[in-house]
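We count ligands from 1, going down the list as the structure has it; atoms in each ligand are counted the same way.
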Amino acid sequence: MACIVNFPALTNPNQPHASSTLSPVRCSANLSKSLASQLSFVSSFDHGFGSDASIRFHLKKSPTMKAFNSAIVASVKLEPPKIMISGAPASGKGTQCELITKKYGLVHVAAGDLLRAEIATGSENGKRAKEYMEKGQLVPDEIVVMMVKDRLFKPDSKENGWLLDGYPRSLSQATAFKKFGFEPDLFILLEVSEDVLVERVVGRRLDPVTGKIYHLKYSPPENEEIAARLTQRFDDTEEKVKLRLQTHHQNVEAVLSMYENITVKINGNVSKEEVFAQIDSAITNLLEQRKAASGSMAA
Ligand code: AP5
């Protein structure tokens, strides 16, 4: 059977800051229930994404388990990464999320997309959310917070890791997020100058069929058929982006202060491929650090 082994107070060496603990580790060893219940954790672990690692367990005293009396080695698959991406409106979060998920297989959870999906249902929450979005303001926490939490608790996010886009956007959201027990491994901040942001917003178009993000100048549609069906977001006007930017500036520092020790700042003014190269290197570093940390623990 596959078992879950809990390490409730084990500090993650990659994140020595307060409250960073390793989450449950999925153990793929073939063990009987009675054997699993008698394991006690002894030493090494690997918190690297997707890699199998050796983890040693000692059996607690048990007359029925004499055959395994000294130790066993189990193959474990550890929790995948949890990454946040933040930046001003149209800084390129969605565009980069497409590239990151393609390479790393994380589940992309975008607060803005969840809200637009809610609006599309015609629900009361959706109607309220739209009022705030049209004014470029943050949608109240009572609508957003549970929406994001519920999405991250779904099995696919737990199984594959997540890439959280546009959340948290205020201190209250960041605080609530922490209270739910979510601990990101990396906080990516896209830095883009304001004139570039405005140009990106007004030229952005979306394909309602594939969900792909285009830009009339920088990422034009591949053919006439796609071009004909592209849509524009209701908040993608120069006037509205200025309001959205104002909201962003009012809140960003408070959010950053919560994640400063895991933040990587990315120059988002360059082409999407060049932006991705920087992000890719940050994620690779994260994974390598975990591997190195697990190696030194095992030694
Ligand atoms: P949301 O949907 O999250 O919008 P946003 O933060 O304003 O960000 P965008 O989606 O506009 O931009 P992006 O950074 O993803 O850029 P993209 O990749 O598309 O939120 C909308 C609203 O919902 C908010 O205003 C708020 O009201 C509400 N909301 C959301 N989250 C909330 C929360 N947590 N709490 C409360 N309310 C919340 O790129 C933009 C364009 O540029 C595209 O055309 C793209 O092709 C192009 N582009 C991208 N990168 C490049 C590049 N490197 N070079 C050239 N062009 C590029």
Side-chain angles (χ1 to χ4, degrees), residues 84-101 108-119 125-126 128-149 151-152 163-177 188-193 195-207 211-221 230-252 254-255 266-279:
M84 285 175 168
I85 185 161
S86 170
S91 52
K93 301 182 291 294
T95 301
Q96 293 305 318
C97 285
E98 266 180 36
L99 300 170
I100 298 167
T101 51
H108 177 207
V109 176
D113 289 348
L114 293 177
L115 288 166
R116 281 182 285 278
E118 191 65 34
I119 293 173
N125 271 348
R128 265 190 82 203
K130 192 169 181 194
E131 285 171 26
Y132 287 87
M133 290 164 82
E134 279 182 330
K135 288 188 262 182
Q137 294 171 355
L138 293 185
V139 173
D141 284 359
E142 67 262 25
I143 298 177
V144 184
V145 169
M146 298 311 281
M147 213 177 246
V148 173
K149 184 200 105 177
R151 183 63 190 87
L152 293 182
L163 175 61
L164 189 51
D165 164 0
Y167 191 93
R169 285 197 200 209
S170 64
L171 189 59
S172 62
Q173 289 180 6
T175 309
F177 197 70
I188 297 169
L189 178 66
L190 297 180
E191 297 185 307
V192 179
S193 53
D195 49 335
V196 175
L197 293 172
V198 174
E199 193 194 9
R200 286 189 188 172
V201 160
V202 295
R204 171 169 44 195
R205 296 294 182 274
L206 302 169
D207 183 344
K212 195 170 169 192
I213 305 164
Y214 290 95
H215 190 280
L216 295 179
K217 183 170 165 191
Y218 300 112
S219 300
L230 294 183
T231 58
Q232 193 170 14
R233 262 171 50 176
F234 64 82
D235 55 351
D236 269 356
T237 61
E238 191 166 341
E239 180 205 1
K240 280 182 182 153
V241 78
K242 289 198 169 140
L243 297 171
R244 284 157 63 196
L245 272 170
Q246 230 172 28
T247 306
H248 170 76
H249 291 313
Q250 282 159 5
N251 293 289
V252 66
V255 174
I266 302 289
N267 173 13
N269 289 304
V270 289
S271 76
K272 70 176 183 182
E273 291 79 14
E274 289 169 297
V275 176
F276 181 66
Q278 297 171 64
I279 292 176

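- Atom numbering of ligand 1 starts at 1 in the shown order; those under 4.0 Å from a heavy atom of Val144 are 33 (C), 34 (N), 35 (N), 36 (C).
- In this structure, Gly136 does not count as a contact residue of ligand 1, since none of its heavy atoms falls inside 4.0 Å of the ligand.
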Derivation and outcome, side chain to side chain contact (heavy atoms under 4.5 Å, CB included), residues Tyr167 and Leu152: CA-CA 12 Å; Tyr167 191 93; Leu152 293 182; over 6 Å; no
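- Remark: distances from the non-hydrogen atoms of Leu216 to ligand 1 are all 4.0 Å or more.
- Side-chain contact between Val241 and Leu197: absent, with no pair of heavy atoms (C-beta onward) separated by less than 4.5 Å.
- Counting heavy atoms from C-beta outward, Asn125 and Val139 have side chains that stay 4.5 Å or more apart.
- For the pair Leu115 and Ala129, the tightest heavy-atom approach, listed with the atom from each and the gap, is CD2-CB, 4.0 Å.
- With a 4.5 Å cut-off on side-chain heavy atoms, Ile119 and Phe234 count as touching.
- Ligand 1 lies less than 4.0 angstrom from a heavy atom belonging to Arg116.
- The shortest N or O to N or O distance between Arg205 and ligand 1 is not below 3.5 Å.
- With a heavy-atom cut-off of 4.0 Å, Pro168 does not touch ligand 1 at all.
- Taking a cutoff of 4.0 Å between a charged side-chain nitrogen and a carboxylate oxygen, Lys242 and Glu238 qualify as a salt bridge.
- Among all non-hydrogen protein atoms, the one lying nearest atom 49 (C) of ligand 1 is Thr95 OG1, 3.3 Å.
- The two residues Arg200 and Ser91 have their closest heavy-atom pair at NH1-O, 3.1 Å.
- At a 4.0 Å heavy-atom cut-off, ligand 1 touches Lys93 through backbone and side chain alike.
- Residue Gln137 has at least one nitrogen or oxygen atom sitting less than 3.5 Å from a nitrogen or oxygen atom of ligand 1, judged on distance alone.
- Counting heavy atoms from C-beta on, the side chains of Gln278 and Val270 come closer than 4.5 Å.
- Contact check for Arg205 versus Pro221: no side-chain heavy atoms found under the 4.5 Å cut-off.
- For atom 36 (C) of ligand 1, the closest non-hydrogen atom of the protein is Val139 N, 3.2 Å.
- The option from Glu199, His215, Lys240 that lies nearest to atom 47 (C) of ligand 1, judged by heavy atoms, is His215.
- For atom 10 (O) of ligand 1, the nearest non-hydrogen atom of the protein is Arg233 NH1, 2.8 Å.
- Residue Asp235 comes nearest to Met133 through the heavy atom pair CB-O, 4.1 Å, listed as atom of the first residue, atom of the second, then distance.
- For ligand 1, the atoms lying closer than 4.0 Å to a non-hydrogen atom of Lys272 are 52 (C), 53 (N).
- The shortest N or O to N or O distance between Tyr167 and ligand 1 is not under 3.5 Å.
- Distance from atom 9 (P) of ligand 1 to its nearest protein heavy atom, with residue and atom name: Arg204 NH1, 3.2 Å.
- Only the side chain of Asp235 comes within 4.0 Å of ligand 1, judged by heavy-atom distances.
- Nearest heavy-atom pair across Gly166 and Ala111 is O-CB, 3.6 Å.
- Within the 4.0 Å heavy-atom criterion, the part of Gln173 lying near ligand 1 is the side chain and not the backbone.
- Evaluated by nearest non-hydrogen atom to atom 12 (O) of ligand 1, the leading choice among Ala90, Ala110, Gly92, Ser86 is Ala90.
- For ligand 1 and Tyr214, the ligand atoms under 4.0 Å from any heavy atom of the residue are 43 (C), 44 (O), 46 (O).
- Residue Gly94 approaches ligand 1 through these ligand atoms, each under 4.0 Å from one of its heavy atoms: 13 (P), 15 (O), 18 (O).
- Shortest contact from atom 29 (N) of ligand 1 to any protein heavy atom: Leu115 CD1, 3.4 Å.
- Proximity of Gly87 to ligand 1 is not established, as no heavy-atom distance is less than 4.0 Å.
- Annotation for ligand 1: atoms under 4.0 Å from non-hydrogen atoms of Leu138 are 36 (C), 37 (N).
- Of the protein's non-hydrogen atoms, the one nearest atom 48 (N) of ligand 1 is Arg200 CD, 3.8 Å.
- Annotation: side chain of Arg169 is not in contact with side chain of Val144 (no heavy-atom distance under 4.5 Å).
- Residue contact check: Val270 has heavy atoms under 4.0 Å from atoms 52 (C), 53 (N), 54 (N) of ligand 1.
- Residue pairs that meet the salt bridge (Lys or Arg N to Asp or Glu O under 4.0 Å) test with at least one member in residues 136-148, sequence neighbours left out, are Arg128-Glu142.
- At the top of the distance list for atom 3 (O) of ligand 1, counting protein heavy atoms only, stands Arg169 NH2, 2.4 Å.
- Using a 4.5 Å heavy-atom cutoff, the side chains of Arg116 and Asp113 are in contact.
- Across all non-hydrogen atoms, the minimal contact from Pro89 to Leu245 is CD-CD2, 3.9 Å.
- The protein heavy atom nearest to atom 23 (O) of ligand 1 is Met133 CE, 3.3 Å.
- Residue contact check: Tyr218 has heavy atoms under 4.0 Å from atoms 55 (C), 56 (N) of ligand 1.
- In this structure, the salt bridge (Lys or Arg N to Asp or Glu O under 4.0 Å) partners of Arg204, at least two apart in sequence or on a different chain, are Asp236.
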